[in-house]
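By convention here, the first residue in the shown sequence is residue 1. Predicted, not measured: the structure shown is a model, and the values here were computed from it.
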Amino acid sequence: MSPASPTIVGADGLTRCSWAGTDAEYQRYHDEEWGVPLHGQRQVFEKISLEGFQAGLSWITILRKRPAFRERFHGFDLDAVAAMTEADVESLLEDARIIRHRGKINAVIGNARTALDLGDDLDELLWSFAPPPRPARFAEWTEVPAVTPESTALSAHLRKRGYRFVGPTTMYALMQSGGLVDDHLVGCWRSESAP
């Protein structure tokens, strides 16, 4: 997410981070989800999974496919996903409504099994890597990092435990979307409404 202009004014008169553009779903996501603290085992597992699917793609692609992802991955219920079989994987690879990438599909199933096997509370684990609040908001996209020491540490911790598709850049995107950091830029209505 590095558009040239830091903010954009929507048809509704609201100034948003420019990556939200004019797409109604992207604007809704920006306004209601991105940067909002995310909690809950299922919710965090879903976001880790979707961020992994996003690697190399645009986030709007994932948002548009999210209903199908939720359907096919049983609402991201850890037990149900962990119980998926090779036949489920083959079925998923035939479903054009999702991202048909065998490695990413297997990673989601494997990550569910890992979380259950290790007894990980993904909510608690994720938030244990939250950085302290920044002293000031960023004004330009060039200031927003792609990776931080915290996202690198989270990635290393998860990889050591056996999780896949959890690289440092992906984990920073998770921190942004899950509200561990608030990267709404100066001038965005969300930055002005935040406490």
Over 60° means perpendicular and under 30° means parallel, so tell me whether His39 and Trp127 are parallel, tilted or perpendicular. parallel

In terms of the angle between their ring planes, are Phe69 and Phe53 parallel, tilted or perpendicular, with boundaries placed at 30° and 60°?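 Phe69 vs Phe53 ring planes: tilted.
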
Can you see which heavy atom on [X] is nearest to which on [Y], and at what distance?
X: Ala55; Y: Lys104; value: O-NZ, 2.7 Å
X: Thr61; Y: Ser58; value: OG1-OG, 2.9 Å
X: Phe45; Y: Ala112; value: CZ-CB, 3.6 Å
X: Ala96; Y: Lys65; value: O-NZ, 3.0 Å
X: Ala139; Y: Leu185; value: O-CD1, 4.1 Å
X: Phe129; Y: Glu150; value: O-CB, 3.4 Å

Checking Asp88 now: which residues fulfil side-chain hydrogen bond (donor to acceptor under 3.5 Å, both in side chains) with it, not counting sequence neighbours?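 Result, side-chain hydrogen bond (donor to acceptor under 3.5 Å, both in side chains) vs Asp88: Thr85.
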
Taking side-chain hydrogen bond (donor to acceptor under 3.5 Å, both in side chains) as the definition, give me every residue that meets it alongside Thr15, ordered by chain and number, with sequence neighbours left out.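 Partners of Thr15 under the side-chain hydrogen bond (donor to acceptor under 3.5 Å, both in side chains) test: none.
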
[X] side chain to [Y] backbone, donor-acceptor under 3.5 Å:
X: Thr170; Y: Val166; answer: no
X: Asn111; Y: Arg164; answer: yes
X: Thr114; Y: Gly110; answer: yes
X: Arg100; Y: Leu92; answer: no
X: Asp120; Y: Ala115; answer: no
X: Thr7; Y: Cys188; answer: no
X: Ser151; Y: Pro168; answer: yes
X: Gln27; Y: Gly21; answer: yes

Would you say that [X] contacts [Y] through its side chain, given a criterion of any heavy-atom pair below 4.5 Å between the two side chains?
X: Thr148; Y: Val181; result: no
X: Val81; Y: Arg113; result: no
X: Leu93; Y: Ile105; result: yes
X: Glu86; Y: Val89; result: yes
X: Arg190; Y: Cys17; result: no
X: Glu51; Y: Gln54; result: yes
X: Glu46; Y: Phe73; result: no
X: Leu125; Y: Val44; result: no

Residue list, side chain to side chain contact (heavy atoms under 4.5 Å, CB included) with Gln41, at least two apart or on another chain: Leu78, Asp121, Leu122

Measure the spacing between [atom1] of [X] and [atom2] of [Y] and express it to the nearest 0.5 Å.
X: Ser49; Y: Arg70; atom1: OG; atom2: CZ; value: 11.5 Å
X: Phe138; Y: Ser191; atom1: CZ; atom2: OG; value: 13.0 Å
X: Leu154; Y: Arg159; atom1: CG; atom2: CZ; value: 10.5 Å
X: Asp182; Y: Leu180; atom1: CG; atom2: CG; value: 11.0 Å
X: Met171; Y: Leu126; atom1: CE; atom2: CG; value: 8.0 Å
X: Leu63; Y: Leu50; atom1: CG; atom2: CG; value: 8.5 Å

Does the gap between the ring centers of Tyr29 and Trp59 come in under 6.0 Å? yes

Do Trp141 and Ser5 have side-chain N/O donor and acceptor atoms under 3.5 Å apart?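 No.
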
With His184, which of Trp19, Trp189, Trp34 fulfils ring pair (Phe, Tyr, Trp, His ring centres under 6.0 Å)? Trp34

Kindly write out the residues that satisfy ring-ring contact (aromatic ring centres under 6.0 Å, His included) with His74, not counting sequence neighbours, or none if the list is empty.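 ring-ring contact (aromatic ring centres under 6.0 Å, His included) list for His74, sorted by chain: empty.
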
Listed by chain and number, what are the ring-ring contact (aromatic ring centres under 6.0 Å, His included) partners of Tyr163, not counting sequence neighbours? none

May I ask you to say whether [X] pairs ionically with [Y], meaning some side-chain N is under 4.0 Å from a carboxylate O?
X: Glu94; Y: Arg102; result: no
X: Arg16; Y: Asp31; result: yes
X: Arg134; Y: Asp183; result: yes
X: Asp77; Y: Arg42; result: no
X: Arg161; Y: Asp117; result: no

Is there a side chain to side chain donor-acceptor pair (under 3.5 Å) between Thr152 and Ser155? Walk through the geometry before answering. CA-CA 5 Å; Thr152 300; Ser155 171; over 6 Å; no

For Glu90, I'd like to know if atom CD has over 12 heavy atoms of other residues, nucleotides or ligands within 6.0 Å. yes

Pairs flagged by ring pair (Phe, Tyr, Trp, His ring centres under 6.0 Å) wherever residues 77-116 is involved - sequence neighbours left out: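 Non-adjacent pairs meeting ring pair (Phe, Tyr, Trp, His ring centres under 6.0 Å): His101-Phe165.
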
Is there a path of hydrophobic side-chain contacts, each under 4.5 Å between heavy atoms of I/L/V/M/F/W/Y residues, joining Val147 to Ile48?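 No, Ile48 does not connect to Val147 through the hydrophobic network.
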
